[in-house]
Undergrad: 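Pasting a structure below so you can have a look.
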There are 2 protein chains.
Amino acid sequence: MSDRCNFSRWLALEGLRATPVRLAVLEILGEAPRALRAQEILELIRARRRVNKVTVYRILEDFTRRGMVRKLSLEGRVNHFELACEHHPPHPHFQCQTCREVQCLEPVALNRIWTELQGPVGNRADHIDIKVEGVCHKCRDIS
Amino acid sequence: MSDRCNFSRWLALEGLRATPVRLAVLEILGEAPRALRAQEILELIRARRRVNKVTVYRILEDFTRRGMVRKLSLEGRVNHFELACEHHPPHPHFQCQTCREVQCLEPVALNRIWTELQGPVGNRADHIDIKVEGVCHKCRDIS
DNA sequence: TTATACTTGCAACTCAGTTGATTTTCGATT
DNA sequence: AATCGAAAATCAACTGAGTTGCAAGTATAA
Ligand SMILES: [Mn+2]
Ligand SMILES: [Mn+2]
Ligand SMILES: [Zn+2]
Ligand SMILES: [Zn+2]
């Protein structure tokens with residue numbers, strides 16, 4: 001996924017130095033087949049280099065503010081992160097109620113329900129998050 | 001909202017005693033015009049009686065497991081709760097990115113996109129959560 | 001009344017995430 | 001090459017929503 005992104009160039013465009021930790025965060029998110037928790041990202045970086053958790057949290061927060069990364073609040077207390085590059089448009093997510101694993105679903109057209117979701121007159125809707133909950137195929141096989 | 005619910009009877013149907021704290025949780029959620037955080041519920045109960053936070057958290061967890069209450073993961077670390085009685089069918093929510101306030105939106109028909117959201121073959125989708133983010137009318141007026 | 005299960009309270013804990021201060025690194029300037 | 005200032009990383013300590021285990025209280029059943 002998104003192997004086509006030039007992360008060094010992307011950071012330069014944002015006015016950020018292409019430090020090893022920043023590049024590691026982007027590469028790990030770019031290779032991930034699903035949204036990752038901060039702790040998973042931390043452990044994956046630590047497989048290649050020594051790093052403090054605060055650094056990773058601050059980078060993820062900064063990337064989120066800049067819109068380079070999407071922060072997903074799928075369940076309380078633990079956030080998931082995914083790349084928000086041009087190759088990863090927003091899309092719905094599936095979370096299994098048994099194993100808590102998260103899947104990325106294909107983008108859906110929301111044109112028809114978008115206007116219904118604007119809410120009371122005067123609100124400005126910027127984007128829609130869709131989360132589907134259920135039981136994944138792996139957990140269904142077990143039971 | 002849902003003044004028509006007989007909470008004592010509902011608890012009896014669930015095989016639960018109609019204790020003062022349980023009734024207070026249901027009454028507060030029934031009167032709330034929006035989803036509430038656990039801490040807000042706690043403070044509203046404390047306006048009428050002494051209560052320990054653990055009791056409220058345990059009641060909310062129990063109600064959620066039984067499907068009497070919906071737990072919303074709108075943003076990391078803080079859950080919101082709302083009544084899931086017959087008068088409150090599931091519906092989308094709006095959260096303002098400025099003041100973080102949550103609004104309940106009208107239910108929308110999802111028939112059309114439901115099948116698209118089933119995901120990879122084999123998953124069983126049970127329900128869909130829709131969260132709209134943006135800026136509420138109050139915060140728009142200010143800026 | 002006594003036994004039992006249910007409910008609440010208390011204190012201590014967990015853990016993802018945050019804060020502030022300090023040190024290190026890097027790129028520019030001399 | 002040495003110096004300097006800003007950006008980046010580190011460290012320890014903290015925050016706070018939610019949890020756990022156990023003791024104490026309360027209602028129901030026998
Ligand atoms: Mn995704
Ligand atoms: Mn609602
Ligand atoms: Zn699963
Ligand atoms: Zn607002």
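Remember, predicted model here, so these are calculated numbers, not experimental data. Every heavy atom of this structure was used, including side-chain atoms; hydrogens, water molecules and symmetry mates were not.
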Undergrad: Could you tell me whether the side chain of B:Asn52 and the main chain of B:Val54 form a donor-acceptor pair under 3.5 Å?
TA: yes
Undergrad: Please report the distance, rounded to the nearest Å, between CZ in B:Arg58 and P in D:dG21.
TA: 10 Å
Undergrad: Measure from CG on B:Asp62 to C1' on C:dT7 and round the result to the nearest Å.
TA: 11 Å
Undergrad: Below 4.0 angstrom, N of the basic side chain to O of the carboxylate: do B:Glu101 and B:Arg34 qualify?
TA: no
Undergrad: Has the side chain of B:Arg49 got a donor or acceptor that lies under 3.5 Å from a partner of the other kind on the base of C:dG9?
TA: no
Undergrad: Can you check whether B:Tyr57 has a side-chain N or O nearer than 4.0 Å to OP1 or OP2 of D:dT19?
TA: no
Undergrad: Please tell me which of the listed nucleotides, D:dT20, D:dG18, D:dA7, lies nearest to the side chain of B:Lys53?
TA: D:dG18
Undergrad: Between A:His80 and A:Gln95, is there a side-chain donor-acceptor contact under 3.5 Å, judged purely by atom types and distance?
TA: no
Undergrad: So A:Arg22, base contact, sugar-phosphate only, or nothing? Heavy-atom distance under 4.0 Å.
TA: sugar-phosphate
Undergrad: Are B:Leu44 and B:Val102 linked, directly or through other ILVMFWY residues, by side chains that come within less than 4.5 angstrom of each other?
TA: no
Undergrad: Determine, for B:Glu14 against B:Arg22, whether the closest basic-nitrogen to carboxylate-oxygen distance falls under 4.0 angstrom.
TA: no
Undergrad: Is there a residue in residues 63-82 of chain A whose heavy atoms reach under 4.0 Å of DNA chain C, and which residues are they?
TA: A:Arg77, A:Val78, A:Asn79
Undergrad: Listed in order of residue number, which residues of residues 38-48 of chain A have a non-hydrogen atom at under 4.0 Å from DNA chain C?
TA: A:Ala38, A:Gln39
Undergrad: Quick one: is B:Thr55 getting a side-chain N or O under 4.0 Å of the C:dT7 phosphate, OP1 or OP2?
TA: no
Undergrad: I need the CD1-P distance between A:Ile59 and C:dA16, as an integer number of Å.
TA: 19 Å
Undergrad: Whole angstrom is fine here: how far is it from CG in A:Leu23 over to P in D:dA8?
TA: 12 Å
Undergrad: Rounding to an integer number of Å, can you tell me how far B:Leu60 CG sits from D:dA17 P?
TA: 14 Å
Undergrad: So does A:Arg37 have more than 12 non-hydrogen atoms from other groups sitting under 6.0 Å from CZ?
TA: no
Undergrad: What are the two closest non-hydrogen atoms of B:Pro20 and B:Arg49, and how far apart are they?
TA: CB-NH2, 3.4 Å
Undergrad: Work out which heavy atom in A:His91 is nearest to a heavy atom in A:Glu106; give both atom names and the distance.
TA: CB-C, 4.2 Å
Undergrad: Any carboxylate oxygen within less than 4.0 angstrom of a Lys/Arg side-chain nitrogen, looking at B:Lys138 and B:Asp141?
TA: no
Undergrad: Under 4.0 Å between a side-chain N or O of A:Asn52 and OP1 or OP2 of D:dC11?
TA: yes
Undergrad: So B:Arg50, base contact, sugar-phosphate only, or nothing? Heavy-atom distance under 4.0 Å.
TA: sugar-phosphate
Undergrad: Let me know, please, whether A:Val54 or A:Arg17 comes out on the 5' side of the other along DNA chain C by nearest nucleotide.
TA: A:Val54
Undergrad: Would you kindly give the CG-to-C1' distance between B:Leu16 and D:dA27, to the nearest whole Å?
TA: 14 Å
